[in-house]
Amino acid sequence: MAEPWCGRAWVFGSDIDTDQIIQTGFLQMFLPDEELGKHAMTIVDPAFAEQVRPGDFMIVGDNFGCGSSREEAVVALKACGISGVLGSSFARIFYRNAIHQGLRAWEVPGIHEEIQAGDRLCVWPSEGRVSVEDGSYEGAFTPLPAFLEDIISVGGLIPYHQQRLQAKRSG
Amino acid sequence: MHTLHKTLARAAGVSEVEVGDIIEVTPDFVYFHDTGGPKVMQKFKEMGFDRIVYPDRVACVFDHEVPPNKVSAANQHKELQAFCIDQGVRYYYAKGICHQLIPELGLAGPGMLVMANDSHTTMLGAVGAFATGIGYTEAAATLGTGKNWCKVPPIVRLEIRGRLTDGVMAKDVMLHILQEKGMRWGLYKALEFAGPTVRDLDMDGRMALTNMSIEIAGKAGFIEPDAKTEDFFGSEVYERFASTGAGEPVYDEVAEFNVEGLAPQVACPHTVDNVRPASELEDVPIHQAFIGSCTGGRFEDLEIAARIFKNNRAHPRVKTIVIPNSLNQYRMMVDSGLLDVFLDAGCTVTHSTCGPCTHHHLGLLAGGETCIASSPRNHKGRMGDKDSLVYISSAATVAASAVTGHITDPRPYLKDAVRVPRPAKRAMVSMESA
Ligand code: SF4
């Protein structure tokens with residue numbers, strides 16, 4: 001059994017659109033990714049961007065990432081260093097953008113009603129399993145197929161193809 | 001398997017797919033436009049790709065900001081055009097809105113898997129394709145590899161019954177569905193529009209339904225091809241698609257809607273499911289009326305608007321903008337005499353572009369202004385200043401409102417009006433890119 005990834009949970013509600021994840025105003029400033037991360041989710045919870053630590057998880061309700069299809073919403077969350085987002089459901093284009101930018105998004109129906117903010121979670125990505133460390137909750141999700149895992153594990157489509165094409169050229 | 005699942009299975013090179021499977025697919029056609037295109041091109045280069053693998057299955061449609069209204073757009077167009085020429089990809093400049101133009105040119109049709117960098121790609125389901133919107137980064141990778149992926153969606157049959165009275169359009173049906181189900185209902189699902197009401201609709205109305213599938217969060221919209229689909233393409237082109245074959249009528253969910261006696265509907269600011277009958281909104285004054293867009297700028301929309309404008313001028317204080325959504329629709333407007341009616345009524349008629357639908361190009365709203373539009377979206381700031389308001393309705397309701405200067409039920413204006421027949425199809429000449 002592979003080692004789980006463990007971290008704290010940040011819990012959010014449903015229908016959080018990409019404008020709440022990262023406001024339009026910050027996009028027009030052409031900030032580097034790390035700076036974008038400092039403004040992530042500030043409308044919903046100003047404490048998040050200040051206190052989130054690498055390895056934490058986000059727990060979200062239904063339809064997370066709805067609204068405009070801006071890929072920067074994913075970039076901002078990834079820049080916070082979170083290990084992934086566990087959500088009841090995701091807006092389709094956000095879910096796709098997440099995979100393509102190398103952010104893990106796992107669909108676990110109803111999870112936002114079970115987890116408390118600050119709970120310590122453990123996630124087994126390849127087994128599709130999540131639990132609260134004290135055993136008070138167990139959830140399951142479908143692990144990504146290998147060809148998408150390959151993309152996400154190197155950080156998304158851009159590095160994936162860069163590395164692949166470079167290897168091809170030099171090989 | 002349902003037709004859509006068959007399409008996905010074929011594109012994945014497997015004999016069967018099941019709901020929830022994540023499959024690798026080779027799309028049959030990919031397109032992008034002038035606002036997403038520059039990012040697609042940039043990511044393509046950043047990833048290190050050299051050539052587009054299947055250039056003959058790709059198109060770039062310049063439709064959002066054409067001709068350019070600012071120097072930055074002009075420069076981007078120039079670069080994107082050069083990219084298309086270099087890659088041997090067909091492009092179309094100000095010939096129509098991508099979702100209208102691609103099926104009109106016979107580039108996509110029944111049984112095809114279409115992925116395009118725009119959310120209203122769902123519209124192509126009206127001609128029997130599995131069509132869905134994708135992001136610009138993945139669009140770039142698809143150009144470079146020929147492949148993308150897809151999660152097999154459950155299929156919902158929307159069984160729609162009831163006769164629509166004159167002045168009540170497919171758009172009203174869609175707004176009614178949105179009001180009943182809300183904006184999240186279609187998440188991850190493919191929506192098949194079916195039933196007697198849908199069979200009765202012309203291709204123009206059908207396209208309005210599948211176009212707005214995305215407004216209800218659908219991954220795809222779909223209508224099973226029939227004689228009207230064949231008529232749309234002409235039998236010669238239709239034959240080319242026919243080999244793929246229809247699937248079975250199997251569904252994961254069925255939802256029924258009765259639209260008998262439905263009144264004209266309006267989506268109020270700032271969401272498309274905030275829907276009320278037009279007759280309850282007569283006290284809302286408007287400053288701009290817009291007939292156009294991929295949702296509501298086809299012959300059917302222009303014809304019903306012209307019937308209302310025939311004996312009624314647009315209100316002098318209302319900026320009334322009419323935009324046929326492709327060159328083909330533009331020609332039909334001219335050939336059938338509708339252009340004269342619009343000009344006599346005081347409307348501004350422009351070339352085919354997205355225009356006021358999104359705040360990119362022309363017809364922007366000032367703070368405090370209100371627009372009624374036949375386009376698909378009304379979120380805050382969609383058509384200009386963040387303090388402007390957008391109401392969404394059928395082209396008929398837009399035209400009647402343009403006449404009175406406030407939101408108006410169009411039905412009384414259509415009582416004695418004579419319908420203008422659809423003119424004969426003309427060959428799509430001067431279309432191929434250089
Ligand atoms: S008309 Fe509007 S909705 Fe349609 S493609 Fe253009 S901007 Fe998008």
Side-chain angles (χ1 to χ4, degrees), chain A residues 14-15 17-19 24-25 61-75 87-102 105 107 109 141-152 154-170, chain B residues 12 20-25 36 39 42-51 115 117-122 132-145 147-151 153 182-190 214-215 217-220 270-271 358 377 379-382 386:
Chain A
S14 289
D15 293 310
D17 62 32
T18 47
D19 200 56
T24 342
D62 279 301
N63 204 22
F64 185 73
C66 57
S68 115
S69 64
R70 69 186 67 150
E71 295 189 16
E72 290 84 352
V74 172
V75 175
S88 196
S89 67
F90 295 93
R92 191 186 143 257
I93 206 85
F94 177 90
Y95 181 77
R96 295 187 74 87
N97 287 344
I99 290 176
H100 298 146
Q101 299 280 355
E107 198 182 70
F141 53 86
T142 315
L144 287 175
F147 76 94
L148 290 181
E149 189 55 45
D150 288 349
I151 292 170
I152 216 165
V154 296
L157 278 173
I158 293 175
Y160 174 78
H161 286 296
Q162 279 174 343
Q163 291 168 18
R164 203 178 52 88
L165 291 167
Q166 234 154 41
K168 211 163 112 186
R169 282 195 187 109
S170 56
Chain B
D21 287 357
I22 293 181
I23 51 173
E24 198 172 25
V25 291
K39 290 181 216 149
Q42 185 208 332
K43 297 293 168 192
F44 181 87
K45 292 176 179 169
E46 210 176 313
M47 287 173 191
F49 289 116
D50 187 25
R51 305 302 301 171
M115 290 182 153
N117 177 223
D118 190 274
S119 56
H120 289 97
T121 306
T122 54
T132 193
I134 58 171
Y136 51 81
T137 304
E138 56 176 314
T142 310
L143 296 185
T145 62
K147 293 199 173 103
N148 203 329
W149 61 275
C150 180
K151 192 166 169 186
M183 288 164 65
R184 209 202 276 165
W185 180 64
L187 201 62
Y188 301 139
K189 300 171 187 167
I214 184 65
E215 265 30 272
K219 177 184 197 129
H270 294 290
T271 55
T358 179
R377 287 189 174 154
H379 57 253
K380 219 171 183 322
R382 171 74 183 184
K386 66 177 185 351

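Naming: A, B, ... by sequence-line order, numbering from 1 per chain. Please read these numbers as outputs of a predicted model, since none were measured by experiment.
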Trainee: For A:S88, which residues count as a side chain to side chain donor-acceptor pair (under 3.5 Å) partner, sequence neighbours excluded?
Mentor: A:D62
Trainee: Fit a plane to each ring of A:H161 and B:F49, take the angle between them on a 0 to 90° scale, and name the class: parallel (under 30°), tilted (30 to 60°) or perpendicular (over 60°).
Mentor: tilted
Trainee: Mind listing the closest non-hydrogen atom pair of A:P145 and B:I22 along with its distance?
Mentor: CG-CG2, 3.6 Å
Trainee: Among B:D50, B:D21, B:L187, B:I134, which residue forms the greatest number of heavy-atom pairs with chain A at distances under 4.5 Å?
Mentor: B:L187
Trainee: Name the region of A:Q101, side chain, backbone, both or neither, that has any atom closer than 4.5 Å to a heavy atom of chain B.
Mentor: side chain
Trainee: Do B:R184 and A:C66 pass the side chain to side chain contact (heavy atoms under 4.5 Å, CB included) test, and can you show the C-alpha distance, the side-chain angles, and the key distance before you say yes or no?
Mentor: CA-CA 9 Å; B:R184 209 202 276 165; A:C66 57; over 6 Å; no
Trainee: Is B:K43 close to chain A through its backbone or its side chain, or both, or neither, when contacts mean heavy atoms under 4.5 Å?
Mentor: side chain
Trainee: Could you tell me which residues in residues 135-145 of chain B have at least one non-hydrogen atom under 4.5 Å from a non-hydrogen atom of chain A, sorted by residue number?
Mentor: B:G135, B:Y136, B:T137, B:E138, B:A141, B:T145
Trainee: Which region of B:N148, side chain (C-beta onward) or backbone (N, CA, C, O), has a non-hydrogen atom less than 4.5 Å from a non-hydrogen atom of chain A, or is it both or neither?
Mentor: side chain
Trainee: Check each atom of A:F90 against the heavy atoms of chain B and say whether the ones under 4.5 Å are side chain, backbone, both or neither.
Mentor: both
Trainee: Does B:K151 make a cation-pi contact with A:Y95, if we ask for NZ or CZ under 6.0 Å from the ring centre and within 45° of the axis?
Mentor: yes
Trainee: How many angstroms lie between CD1 in A:I151 and CH2 in B:W149, if you round to the nearest 0.5 Å?
Mentor: 9.0 Å
Trainee: Please classify the contact between A:I93 and chain B as side chain, backbone, both or neither, with a heavy-atom cut-off of under 4.5 Å.
Mentor: side chain
Trainee: Would A:E107 and B:Y188 satisfy side chain to side chain contact (heavy atoms under 4.5 Å, CB included), going step by step from the backbone distance to the final call?
Mentor: CA-CA 12 Å; A:E107 198 182 70; B:Y188 301 139; 2.5 Å; yes
Trainee: Before giving the answer on side chain to side chain donor-acceptor pair (under 3.5 Å), spell out for B:T132 and A:R92 the whole-Å C-alpha distance, their side-chain angles and the decisive distance to 0.1 Å.
Mentor: CA-CA 11 Å; B:T132 193; A:R92 191 186 143 257; 3.1 Å; yes
Trainee: Contact part of A:L157 toward chain B, heavy-atom cut-off under 4.5 Å: side chain, backbone, both or neither?
Mentor: both
Trainee: At a heavy-atom separation under 4.5 Å, does B:I23 approach chain A through its side chain, its backbone, both, or neither?
Mentor: backbone
Trainee: Does any non-hydrogen side-chain atom of A:Q162 lie less than 4.5 Å from one of B:E46?
Mentor: yes
